[in-house]
Amino acid sequence: MTDAPYLSDHHLAVRDAVRDFAREEVLPVAAALDAESRFPWETVKRMGALGFLGVPWPEELGGAGLDYLSYILTIHEMAKVDASHAITISAHTTLGTSPIVNFGTDAQRRRYVPLLASGRVLGGFGLTEESAGSDAGGTRTVAVRKGDRYILNGSKRFITHGGVGEIFVVTAVTEPGKGTHGISSFIVTKHTRDIERAREIGVGHEPSLPAMKGFTAGRKEDKLGWRASDTSELILQDVEVPVENRLGAEGAGFTNFMKTLDSGRIGVAALSLGLAEGAYELAVRYATERKQFGKPIGDFQAIQFQLADLATQIEAGRHLTYHAAWLAQQGRDFSVQASMAKLFCSELATRATHRAVQVHGGYGYTRDYPVERMMRDAKICEIGEGTSEVQRIIIARHVLRRLGGAH
């Protein structure tokens, strides 16, 4: 399969570095981390040291100084081995750090981005609530300005790094009655829930960051997949946030987080593509090794057709994903292409992992083979960063606007 015309030799060198790390350091521990639902602090520390948690950010802000395609490639390659590590990179970089890079002041960037880009602490994005999931404008968390600070009250659900993270961008209503134009965003900080482990391992906690009173992590979710990724509730109870921690203009929060979600969808597309490709590669290998009726099962047309279909769909997913990433890197509009890539690749991940389990037969249904974990990891890709239904709405609206008047 080809990565042309999107990737240069430099990109391929990045891919090889991520691939080596994933296979040598993540693969041996992935099954145990999944079974124990344990956050992988040890490998996260190594990912920070290698620059994987700050791939697209400038070196002067603590990043690796690489381009956006390198970042998407990092997620893609990591997900071939373990989706939990891939979403840690994606959520931390796109959701936790990019709003500060893209919409923050110089002072905010200097204060927070080096800590995030280096992997010194983890970041997250507080958007989803009980009544604000697919309806992102349904935010109920409120922020009331009192002098030089805002008082935030509310809660956020299903937040990646909600427990282990320390720097978050959260949304809140600052002007009730104005709908999406009344939502603002803020940088809020707390201590990691794993503070003793973070101190022991040397990353995950920054003493200079204030633990804002009333801002805490709630229940950690016990999930079907992505079990080594931390997903927790965030609680904001009379949290005093300085005005200088407002991110962007008051009322610009909705517009800014929609832009953030567009980028996040390319990341989930890359993660989904990696899952599909990783499962496919395992299925191909198994089909050449497993024998029935005196010959490898890959010699049977029923298996060959399944693998041929997956190979074709993975190639299509690769072009959708890297085309969207290329548009983003060029500074061109990519919103619809991101939705198309996310929709196609997330549903492909579910199909591919199910077929990989089927090719493995009874063994695929056991934890002796990683395809079982991959199948569980794939489902959330159709839900997070906008469900498949939401992606279809976005795509359909674009099609009807662009072509609806053609006749």
Side-chain angles (χ1 to χ4, degrees), residues 1-3 19 22-23 26-27 30-31 34-35 75-87 223-229 265 267-322 340-385 387-389 391-392:
M1 296 182 186
T2 176
D3 294 301
R19 179 177 295 174
R23 293 180 178 179
V26 175
L27 183 59
D34 171 82
I75 299 170
H76 175 191
E77 198 63 39
M78 186 65 70
K80 292 181 185 179
V81 170
D82 184 50
S84 289
H85 281 77
I87 193 58
K223 308 189 299 291
L224 174 71
W226 290 7
R227 290 179 56 79
S229 167
R265 285 165 185 153
V268 174
L271 188 156
S272 303
L273 179 63
L275 262 173
E277 196 167 354
Y280 161 80
E281 290 174 355
L282 290 171
V284 170
R285 187 176 304 122
Y286 188 83
T288 63
E289 297 170 352
R290 174 67 169 168
K291 292 185 177 181
Q292 291 287 276
F293 305 101
K295 58 183 178 180
I297 62 173
D299 287 353
F300 294 100
Q301 190 178 75
I303 300 296
Q304 292 175 352
F305 280 13
Q306 291 191 62
L307 297 177
D309 286 346
L310 288 180
T312 302
Q313 293 165 21
I314 288 168
E315 188 74 359
R318 178 181 286 105
H319 286 288
L320 282 169
T321 300
Y322 282 95
M340 288 179 173
K342 196 271 184 184
L343 172 64
F344 183 87
C345 290
S346 63
E347 296 190 346
L348 169 61
T350 298
R351 289 195 304 274
T353 54
H354 274 75
R355 289 190 182 183
V357 169
Q358 188 71 18
V359 169
H360 282 72
Y363 292 107
Y365 203 64
T366 72
R367 294 195 175 183
D368 294 336
Y369 288 80
V371 290
E372 171 269 342
R373 169 170 49 86
M374 291 172 151
M375 184 176 71
R376 290 186 287 104
D377 286 340
K379 182 57 192 175
I380 189 59
C381 298
E382 297 179 88
I383 299 172
E385 298 280 356
T387 63
S388 291
E389 291 77 11
Q391 305 314 314
R392 287 184 167 93

Output yes when a side-chain donor or acceptor of K223 lies under 3.5 Å from a complementary backbone atom of S229, and no otherwise. yes
Do S346 and S388 make a side-chain contact, defined as non-hydrogen atoms from C-beta onward lying under 4.5 Å apart? yes
Heavy-atom closest pair, residues L348 and A276: CG-CB, 3.9 Å
Rounded to the nearest 0.5 Å, how far does CZ of R19 lie from CD of E77? 4.0 Å
Could you work out, with ring-ring contact (aromatic ring centres under 6.0 Å, His included) as the rule, every residue matching Y286, not counting sequence neighbours? H360, Y369
Donor-acceptor check, side chain of E382 to backbone of T387, threshold 3.5 angstrom: yes or no? no
Using every non-hydrogen atom in the two residues, find where A287 and P296 come nearest and quote the distance to one decimal. O-CB, 3.6 Å
Just how far is it from atom NE2 of H76 to atom CG of L275, taken to the nearest 0.5 Å? 10.0 Å
Any side-chain heavy-atom pair of R290 and V359 under 4.5 Å: no
Using a strict cut-off of less than 4.0 Å between a Lys/Arg side-chain nitrogen and an Asp/Glu carboxylate oxygen, indicate whether E389 and R392 qualify as a salt bridge. no
Are more than 12 heavy atoms, taken from residues, nucleotides or ligands other than F300, located less than 6.0 Å from that residue's CZ atom? yes
Quick one: list whatever passes ring-ring contact (aromatic ring centres under 6.0 Å, His included) with H85, sequence neighbours left out. none
For the NE2 atom of H354 and the CD atom of Q306, what is their distance to the nearest 0.5 Å? 12.5 Å
Just wondering, do L310 and R355 contact through their side chains at under 4.5 Å, heavy atoms? yes
Could you tell me whether the side chain of L273 reaches within less than 4.5 Å of the side chain of I314, counting heavy atoms only? yes
With a 3.5 Å distance limit and no angle check, can you tell me whether W226 reaches the backbone of S84 through a side-chain donor-acceptor pair? no
Would you say that V81 contacts R23 through its side chain, given a criterion of any heavy-atom pair below 4.5 Å between the two side chains? yes
Using a strict 4.0 Å threshold on nitrogen-to-oxygen distance, state whether E385 and R265 make a salt bridge. no
Are the side chains of I380 and L224 in touch, meaning some heavy atoms are under 4.5 Å apart? no
Exercise: identify the closest heavy-atom pair between M374 and K80: CE-O, 3.1 Å
E289, CD: over 12 other non-hydrogen atoms inside 6.0 angstrom: yes
State, with a plain yes or no, whether a side-chain heavy atom of R227 is found less than 4.5 Å away from one of R373. no
Do you know the tightest heavy-atom contact between I87 and L271? N-CD1, 3.6 Å
What is the minimum heavy-atom distance between A378 and T353, and which atoms define it? CB-OG1, 3.6 Å
Does D34 come within less than 4.0 Å of R376, counting only side-chain N to carboxylate O? yes
Between CD of E277 and CG of L282, what distance do you get to the nearest 0.5 Å? 11.0 Å
Could you tell me which non-hydrogen atom of C381 sits nearest to which non-hydrogen atom of K342, and how far apart they are? O-NZ, 2.8 Å
